[in-house]
**Q** 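Please see the structure below; I have some questions.
What you see is a predicted model, and the numbers here were worked out from it, not measured in a lab. Just so you know, ligand 1 is whichever comes first in the structure, and atom 1 is the first atom listed for that ligand. Scope of the values below: all heavy atoms of this structure, side chains included, with no hydrogens, waters or symmetry mates.
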Amino acid sequence: MKSGKLIVLTGPSGVGKGTLVRSLLNRHPKLYLSVSVTTREPREGEIEAQHYYFVSRSRFEQMVEAGDLAEWAQFAGNFYGTPYFGLKQGIGEGKWVILEIELEGARQIRNNFPEALRIFILPPSWEELERRLRSRGQDSETAIARRLVRAKEEIEAAGEFDFQVVNDDLEVALKKLESILNLVELSGN
Ligand SMILES: Nc1nc2c(ncn2[C@@H]2O[C@H](COP(=O)(O)OP(=O)(O)O)[C@@H](O)[C@H]2O)c(=O)[nH]1
Ligand SMILES: Nc1ncnc2c1ncn2[C@@H]1O[C@H](COP(=O)(O)OP(=O)(O)O)[C@@H](O)[C@H]1O
């Protein structure tokens, strides 16, 4: 595990983590996204093995029992976890592996992989976070309400992370992430 870099990206639901990660992956072939397993239903347009491995509750429990997950947590009524096989594959390819995960999982990674670099993404304001969460138009009001309760707890824990990045202007946030990750040279900018 020491041969590659492990990068944890955490932040409230709707802050733009997925958007930032997609842009980073497009720009930097050195980066590899760990695909999580989840018991959540797929959203429209989500693709198996690309966005998540969508599994049943019993399959998820089997994976926990078998020790297949590097971390896992419950979030807004569903289970999410990082399979070891993704970490191994990314590191084996000599890549820097990104985990886009919530707070409890990030804490487990801190304990199990203290060398991991941990970054917290903040919204420019609470109102803007709520606006983004709704504008995605993919979640029920119940799911949005659950995400907002969690968002408050997560934002309060932002100080536990090595870096905090505000995702106001997307391009500015990307540049900040690239500089934290020392990717400026690789991007050719
Ligand atoms: N602990 C943990 N959290 C995860 C994992 N995969 C995704 N998450 C987090 O679970 C939360 C909910 O994800 P999702 O349902 O896709 O909603 P979204 O973040 O609002 O798009 C987000 O904070 C994700 O970062 C994982 O493998 N482990
Ligand atoms: N910097 C930004 N400015 C405005 N809207 C943004 C920004 N970053 C992301 N968004 C929008 O906010 C919504 C939530 O983004 P998403 O990447 O799905 O968040 P997360 O993965 O953190 O839940 C999406 O509609 C996305 O297009």
Side-chain angles (χ1 to χ4, degrees), residues 6-26 33-55 60 63-64 68-87 90 97-113 116 118-155 157-158 161 165-177:
L6 198 54
I7 299 150
V8 173
L9 217 59
T10 300
S13 186
V15 75
K17 299 180 301 295
T19 308
L20 289 164
V21 166
R22 269 197 304 279
S23 297
L24 284 174
L25 290 172
N26 281 336
L33 178 64
S34 152
V35 178
S36 300
V37 284
T38 183
T39 61
R40 169 164 79 58
E41 289 293 316
R43 291 180 181 136
E44 208 181 311
E46 282 185 331
I47 298 166
E48 167 74 14
Q50 184 178 322
H51 293 93
Y52 282 106
Y53 298 101
F54 296 97
V55 298
F60 191 94
M63 293 184 84
V64 171
D68 289 340
L69 303 180
E71 60 75 34
W72 64 273
Q74 192 171 10
F75 184 97
N78 291 296
F79 291 88
Y80 298 81
T82 301
Y84 274 112
F85 66 75
L87 296 189
V97 177
I98 302 182
L99 307 186
E100 196 235 283
I101 60 177
E102 53 68 71
L103 179 63
E104 293 307 322
R107 286 176 171 155
Q108 293 169 42
I109 294 293
R110 178 186 58 195
N111 293 336
N112 296 337
F113 305 94
R118 301 182 325 125
I119 304 172
F120 195 92
I121 310 295
L122 284 162
S125 68
W126 182 258
E127 291 69 31
E128 174 62 9
L129 178 67
E130 236 182 297
R131 193 196 65 73
R132 286 184 195 170
L133 206 45
R134 290 181 197 286
S135 76
R136 199 164 57 188
Q138 291 263 22
D139 301 304
S140 67
E141 271 307 311
T142 314
I144 289 175
R146 284 173 150 180
R147 281 169 163 69
L148 285 171
V149 169
R150 267 306 258 265
K152 195 164 173 297
E153 296 164 7
E154 297 205 314
I155 290 171
F161 287 70
V165 173
V166 178
N167 181 23
D168 189 354
D169 180 275
L170 189 71
E171 212 35 57
V172 171
L174 281 168
K175 285 268 175 297
K176 178 96 191 281
L177 285 171

**Q** Do E100 and ligand 2 have an N or O pair less than 3.5 Å apart?
**A**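 So ligand 2 has no N or O lying under 3.5 Å from an N or O of E100.
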**Q** If you take the nearest heavy atom of each of G14, A151, P124, which one is closest to atom 20 (P) of ligand 2?
**A**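 Looking at heavy atoms only, G14 sits closest to atom 20 (P) of ligand 2.
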**Q** Could you tell me the residue and atom name of the protein heavy atom closest to atom 26 (C) of ligand 2, and the distance to it rounded to 0.1 Å?
**A**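 Minimum-distance protein heavy atom for atom 26 (C) of ligand 2 reads T19 OG1, 3.7 Å.
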**Q** Give me the atom names and distance for the closest heavy-atom approach of A173 to N167.
**A**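 Closest approach of A173 to N167: CB-OD1, 3.7 Å.
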**Q** Could you list all the side-chain hydrogen bond (donor to acceptor under 3.5 Å, both in side chains) pairs where at least one residue sits in residues 146-155, not counting sequence neighbours?
**A**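 side-chain hydrogen bond (donor to acceptor under 3.5 Å, both in side chains) check on residues 146-155 returns S13-R147, E102-R150, K152-E156.
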**Q** State the atoms of ligand 2, each with its element, that fall below the 4.0 Å cut-off from a heavy-atom position in S135.
**A**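 Per the distance check, 25 (O).
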**Q** Considering distance alone, does some N or O of E128 sit under 3.5 Å from an N or O of ligand 2?
**A**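 In this structure, E128 places no N or O atom under 3.5 Å from an N or O of ligand 2.
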**Q** Considering both backbone and side-chain atoms of D168, is one of its nitrogen or oxygen atoms within less than 3.5 Å of a nitrogen or oxygen in ligand 2?
**A**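 In this structure, D168 places an N or O atom under 3.5 Å from an N or O of ligand 2.
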**Q** Give every donor-acceptor pair under 3.5 Å between a side-chain atom in residues 138-145 and any protein atom, sequence neighbours left out.
**A**
unit_1, atom_1, unit_2, atom_2, d
Q138, NE2, E44, O, 3.4
D139, OD1, R43, NE, 3.1
D139, OD1, R43, NH2, 3.1
D139, OD2, R43, NH2, 3.4
D139, OD2, R136, NH2, 2.9
S140, OG, A143, N, 3.1
E141, OE1, R134, NH1, 3.1
E141, OE2, R134, NH1, 2.7

**Q** side-chain contact (heavy atoms from CB on, under 4.5 Å) with D68: which residues, sequence neighbours excluded?
**A**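 Listed in chain order: M63, A66.
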**Q** Polar-atom distance check: R132 versus ligand 2, any N or O pair below 3.5 Å?
**A**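 In this structure, R132 places an N or O atom under 3.5 Å from an N or O of ligand 2.
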**Q** Give the residues near ligand 1 by chain and number, with the criterion being a heavy-atom distance under 4.0 Å.
**A**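 Under the 4.0 Å cut-off, ligand 1 touches S13, K17, S36, R40, R43, Y52, E71, A73, F75, Y80, G81, T82, E100, I101, E102, G105, R136, R147.
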**Q** So, is N167 polar-close to ligand 2, with some N/O to N/O distance under 3.5 Å?
**A**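 Looking only at distances, the answer is yes, because the N/O contact criterion of under 3.5 Å is met.
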